[in-house]
Each structure stands twice: as structure tokens, then as C-alpha cells.
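Here is the structure we will look at.
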Amino acid sequence: MLTSREELDAELGEAARAWLDAALAEAADDAARPPTAADDATRSEAAADGAARSGAAADASRTAASPYASPSWELRYAAAGRHCGQRHADSVRSLLLVEARAPLASVTRLYDQGTAAERRAVLLTLHLLDLGDTALPLVEDALRANDTRLVAAAVGPYAADHLAPHAWRHAVLKCLFTEVPVAAVARLADRARGDTELARMLTDFAAERTAAGRPVPEDLRTALALTAPAGHPAPPTAAPAPTEES
């Protein structure tokens, strides 16, 4: 869960608060700077990279295209854990992204070049940025990962708003496969309601686990129950696998 600036000020020490003040001021200055033609080129290349996900080659071309490819607040973003503590790093990084009104180029660069923790903070903040659906490739990349922290962050409000139905259903299944609690899936109840295809996928998954003698996760039953149309009973799952006691 992200922490507000007021809560951070109450928990951080004096040196950390001073560092955060300076970092946010740099981010605000960058947000207030009028965009240049080079920035426009950088944004265009970031959008193309989001579609192609060509990795290092695109990063190099972005850097060459603009002298502002790495504004100072982005360096602060990477250093947030050292100065404010790992417990607060997600919240500090999120505040920086919001204060900078981070464009797609910055968001993509911070994700591509970041550690798992830095990537998680990007994913947790996407819904607070004015990016439309242009950052979906980052969510899709995280959902291909085996890092459950990234998977959990990827199924937040941004995914709820922008993932297409097919991709969203597979995101729910990814949570079940990786044992990420379905409570992490933003707006699960809204999007699952009446979704017969999701119900079929969940039922098939439950049947596969039962046939293999494996227990059906309670989270699967929770998600399946949510697929029932309003006023209708939840579809049944496969019978529970026998336990050792039985």
C-alpha cells in the first residue's frame, strides 16, 4: 500500500525528509519545463518501444535522441530506498512519478532499467499518471514474470481500467498459478460479474487440479463466485480433492 506525503513526513527522519523535499522539487521543476522537440521525439520513440518492446536498442536510441533522457529526479527515483528506507521506497518513488507528471518515456525507462522494486513502484503508480493505455506493455511484461511482487502490482487499477478482457482473464489465472491473492486484482468483482468465459476458465482449472489430486485454492472459489450474474447463484467448482485424513 502506498503512503501519503503527510504520513511519510510523520515517519521519516529529518535527513530523509530533506532529501525527499529536494527530490520532489526537482520532479516538479521538470514537470514545469516546457516540452521541446527532442522531448516529443523521445515520447514517440517510447511509444514505439512500448509496442515493440525492443529493449536495450530502444533505450539507446531514446538516450541519443534527447539530452533530457534522464532528468535528475529519475536518479533520485533509483536512490529512494537508500535515503528513505526500503519500507518507504514504493511510496517515495510513486510521489516522484506523480510530481514529475512522468511521461511514457520516463516510465518506460525506469521500468526497463530498474530493479524489481523500482519496476513495482512504476506499476503501482500507472493509474495515477496521464498515460491512457500506452503503458500496457509494461503491465503485460510484468504478467509474464515469475516475480509475484510484480504480478501483484501489475493487476492493480491500471490493469482494471485498460487490460482487454482476454488479457485480464489470463491475469486472474496468473494470480492463481503463482499464489498471488486475488484480493490484489483491482475491481475483480466488477469485471468478473457475468463473465462466462472467465467462469469456464476457472472451472477448467479447478477440474485439472482435482483430477491431479491437488486442492482447489479458496481464491479460485472466490473468483468463480464473482462471475455469477447479479441475482444468480455462483457456478459450482469441481469436488474438493481428498485429503490425507479422508
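Excluded from the calculations below are hydrogen atoms, water molecules and symmetry mates; all remaining heavy atoms, backbone and side chain alike, are included. The chain is numbered in sequence order, starting from 1.
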In the single-linkage hydrophobic clustering (I, L, V, M, F, W, Y; side-chain heavy atoms under 4.5 Å), do V155 and L176 co-cluster?
yes

Residues N146, T178; criterion side-chain contact (heavy atoms from CB on, under 4.5 Å); working and verdict:
CA-CA 8 Å; N146 292 321; T178 58; 5.5 Å; no

What distance do Q113 atom CD and E74 atom CD have between them, rounded to the nearest 0.5 Å?
8.0 Å

What orientation do F177 and F205 show, parallel under 30°, tilted 30 to 60°, or perpendicular over 60°?
perpendicular

Begin from the C-alpha positions of R17 and D21 and carry the test salt bridge (charged side-chain N to carboxylate O under 4.0 Å, His left out) through to its verdict.
CA-CA 6 Å; R17 287 198 304 272; D21 286 342; over 6 Å; no

Carboxylate-amine/guanidinium proximity below 4.0 Å for D30 and R33:
yes

With a 3.5 Å distance limit and no angle check, can you tell me whether R193 reaches the backbone of P229 through a side-chain donor-acceptor pair?
no

Decide yes or no for L202 and L173: does some side-chain heavy atom of the first lie under 4.5 Å from some side-chain heavy atom of the second?
yes

Minimum heavy-atom distance between L220 and A206, given as atom pair plus value:
CD2-CB, 3.8 Å

Measuring only between side-chain heavy atoms, which start at C-beta, is R221 closer than 4.5 Å to V216?
yes

Measure across E99 and A28 and return the closest heavy-atom pair with its distance rounded to 0.1 Å.
OE2-CB, 3.5 Å

Would you say E11's side chain and L8's backbone share a donor-acceptor pair under 3.5 angstrom?
no

Would you check, one step at a time, whether the test salt bridge (charged side-chain N to carboxylate O under 4.0 Å, His left out) holds for D147 with R119?
CA-CA 11 Å; D147 188 329; R119 290 183 171 203; over 6 Å; no

For a quick test of reading the model, state the closest non-hydrogen atom pair linking V151 to A145 and the distance between them.
CG2-O, 3.8 Å

Check whether any side-chain N or O of T108 sits under 3.5 Å from a backbone N or O of A105 as a donor-acceptor pair, and report yes or no.
no

Please work out which of the three classes, parallel, tilted or perpendicular, describes the rings of W73 and Y77, given edges at 30° and 60°.
perpendicular

Judged by atom type as modelled, is there a donor-acceptor pair below 3.5 Å linking the side chain of R209 to the main-chain atoms of R214?
no

Can you tell if the side chain of T222 reaches within under 4.5 Å of the side chain of L188, non-hydrogen atoms only?
no

Tell me whether V182 is reachable from L123 by hopping between hydrophobic residues (I, L, V, M, F, W, Y) whose side-chain heavy atoms are closer than 4.5 Å.
yes

Look at the side chain of S106 and the backbone N and O of P103, then say whether any donor-acceptor pair between them is shorter than 3.5 Å.
no

Do E26 and L96 have side chains that approach each other closer than 4.5 Å (heavy atoms only, starting at C-beta)?
no

Lys/Arg-Asp/Glu bridge criterion (N-O < 4.0 Å) met for D195, R191:
no

Would the number of heavy atoms belonging to other residues, nucleotides or ligands and lying under 6.0 Å from CG of D190 be above 12?
yes

Same apolar cluster (I L V M F W Y, side chains within < 4.5 Å links), V92/L124:
no

W168-L136 co-clustered via ILVMFWY side chain contacts under 4.5 Å:
yes

Taking D133 for the side chain and H162 for the main chain, is one N or O donor matched with an acceptor at less than 3.5 Å?
no

Treating T227 as the side-chain partner and A223 as the backbone partner, does any N or O pair qualify as donor plus acceptor under 3.5 Å?
no

Hey, what do you get for CG (L95) to OG1 (T3), rounding to the nearest 0.5 Å?
9.0 Å

Looking at every heavy atom in both L126 and A135, which two are closest together, and how far apart are they?
CD2-CB, 3.8 Å

Under 4.5 Å between any side-chain heavy atoms of L226 and L198, yes or no?
no

Under a 3.5 Å distance rule, please check whether K174 uses its side chain to pair with a backbone N or O of V180 as donor and acceptor.
no

Knowing that exactly one of T203, T196, D204 qualifies, which makes a side chain to side chain donor-acceptor pair (under 3.5 Å) with R200?
D204

V107 versus L131: any side-chain heavy-atom pair under 4.5 Å?
yes

Is it the case that the side chains of Y111 and D141 hold a donor-acceptor pair, with the cut-off being a distance below 3.5 Å and no angle test?
yes

Can a salt bridge be assigned to the pair E197 and R169 using a cut-off of 4.0 Å between side-chain N and carboxylate O?
no

Using a 4.5 Å cut-off on heavy atoms from C-beta on, say whether the side chain of E118 contacts that of L110.
no

side-chain contact (heavy atoms from CB on, under 4.5 Å) for C175 and D219? Distances and angles first, verdict last.
CA-CA 9 Å; C175 289; D219 265 2; over 6 Å; no

Taking all atoms of both residues into account, what is the closest heavy-atom pair of A16 and C84, and its distance?
O-SG, 4.1 Å

Does some side-chain heavy atom of V139 sit less than 4.5 Å from a side-chain heavy atom of Y158?
yes

Test side-chain contact (heavy atoms from CB on, under 4.5 Å) on L138 and V122; report intermediate values, then the result.
CA-CA 9 Å; L138 307 185; V122 166; 4.2 Å; yes

Go through R5 and L24 one step at a time and tell me if the side-chain contact (heavy atoms from CB on, under 4.5 Å) criterion holds.
CA-CA 11 Å; R5 176 65 194 277; L24 291 174; 3.1 Å; yes

How close do A186 and P157 get, heavy atom to heavy atom, and via which atoms?
CB-N, 3.4 Å

Short side-chain to backbone donor-acceptor contact, S4 and E7, under 3.5 Å:
yes

When you measure from the side chain of S94 to the backbone of D90, do you find a donor-acceptor pair of N or O atoms at a distance under 3.5 Å?
no

Looking at CD of E14 and CG of D9, how far apart are the two atoms once the value is rounded to the nearest 0.5 Å?
12.0 Å

Under the salt bridge (charged side-chain N to carboxylate O under 4.0 Å, His left out) criterion, do D130 and R101 qualify, and how do the steps go?
CA-CA 8 Å; D130 185 19; R101 299 201 296 271; over 6 Å; no

